Amino acid sequence: MNIFRLTGDLSHLAAIIILLLKIWKSRSCAGISGKSQILFALVFTTRYLDLFTSFISLYNTCMKLIYIGCAYATVYLIYAKFRATYDGNHDSFRVEFLVVPVGGLSVLINHDFSPLEILWTFSIYLESVAILPQLFMISKTGEAETITTHYLFCLGLYRALYLFNWIWRFYFEGFFDMIAIVAGVVQTVLYCDFFYLYVTKVLKGKKLSLPA
Amino acid sequence: EETTKDKDEL
């Protein structure tokens, strides 16, 4: 565990909690892509199946349970409790275009051809693109609430910090995981455009709105 | 050299 890994995890946790609180406090999930949230719930579910097979540390187990629990709570709030506020018309990204290729790729390129390992690989690949329905929704509506941009920033920052973690681990531990690294780079690159808008607009007190 | 994944990372 190094500082990048820890801050990455905390950034991820912050993102998840920001989103939950935003929906809970405003009693609305307007502007939030339910599809992205379903994909994240699927990511955590398929990645953390090792909760049943191996114990790593109390930290590891607690974080996994919190991530999974929050992911399903978010999906519940969007599709059940505050369903009336869900903006389904703008959440029109076709997720099968992500899930099917990612499923195929995880069967073809993995560390080991076993069910748990393939599901883990699937989760890594899927996570790298799971935000696309959300970004698509923002590009469609042309704007995002400021609190939503804070959520996206923390979520993007988390994988960027993991990249630094992997650089650190390569130099100091000789460790690298090519699948996680390539997917992590893809994931971070997808946020770059957003990072730019966040820094140039949101941090200067302006609302994030895209030119028509 | 093939390194396997780290089960500790989230």
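This one's a predicted model, so the numbers in the text were calculated from it and none came from an experiment. First the proteins, then the strands, lettered A, B, ... as listed; each starts at 1.
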**Q** With sequence neighbours left out, write down each residue that passes ring pair (Phe, Tyr, Trp, His ring centres under 6.0 Å) with A:Tyr48, or none if nothing qualifies.
**A**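 Per chain and number, A:Tyr48 pairs via ring pair (Phe, Tyr, Trp, His ring centres under 6.0 Å) with A:Phe44.
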
**Q** Count the heavy atoms of every other residue, nucleotide or ligand shown that sit under 6.0 Å from CZ of A:Arg83, and state whether that count exceeds 12.
**A**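 No, CZ of A:Arg83 has 12 or fewer neighbouring heavy atoms, counting only those of other groups under 6.0 Å.
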
**Q** Determine whether more than 12 heavy atoms belonging to other residues, nucleotides or ligands lie under 6.0 Å from atom CZ of A:Phe164.
**A**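 No, because the 6.0 Å sphere around CZ of A:Phe164 holds 12 heavy atoms or fewer from other groups.
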
**Q** Is it true that atom CZ of A:Phe52 has more than 12 heavy atoms of other residues, nucleotides or ligands lying nearer than 6.0 Å?
**A**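 12 or below, so no.
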
**Q** Tell me which of these, A:Arg5, A:Met63, A:His12, A:Glu117, has more heavy-atom pairs under 4.5 Å with chain B than the rest.
**A**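 Of the options given, most contacts go to A:Arg5.
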
**Q** Grab the two heavy atoms, one from A:Lys64 and one from B:Leu10, that are nearest each other, plus how far apart they are.
**A**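 Nearest heavy atoms, A:Lys64 then B:Leu10: CG-CD2, 3.6 Å.
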
**Q** Using the side-chain contact (heavy atoms from CB on, under 4.5 Å) definition, which of the options A:Asn165, A:Asn60, A:Asp177 pairs with B:Glu9?
**A**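 One option only clears the test, and that one is A:Asn165.
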
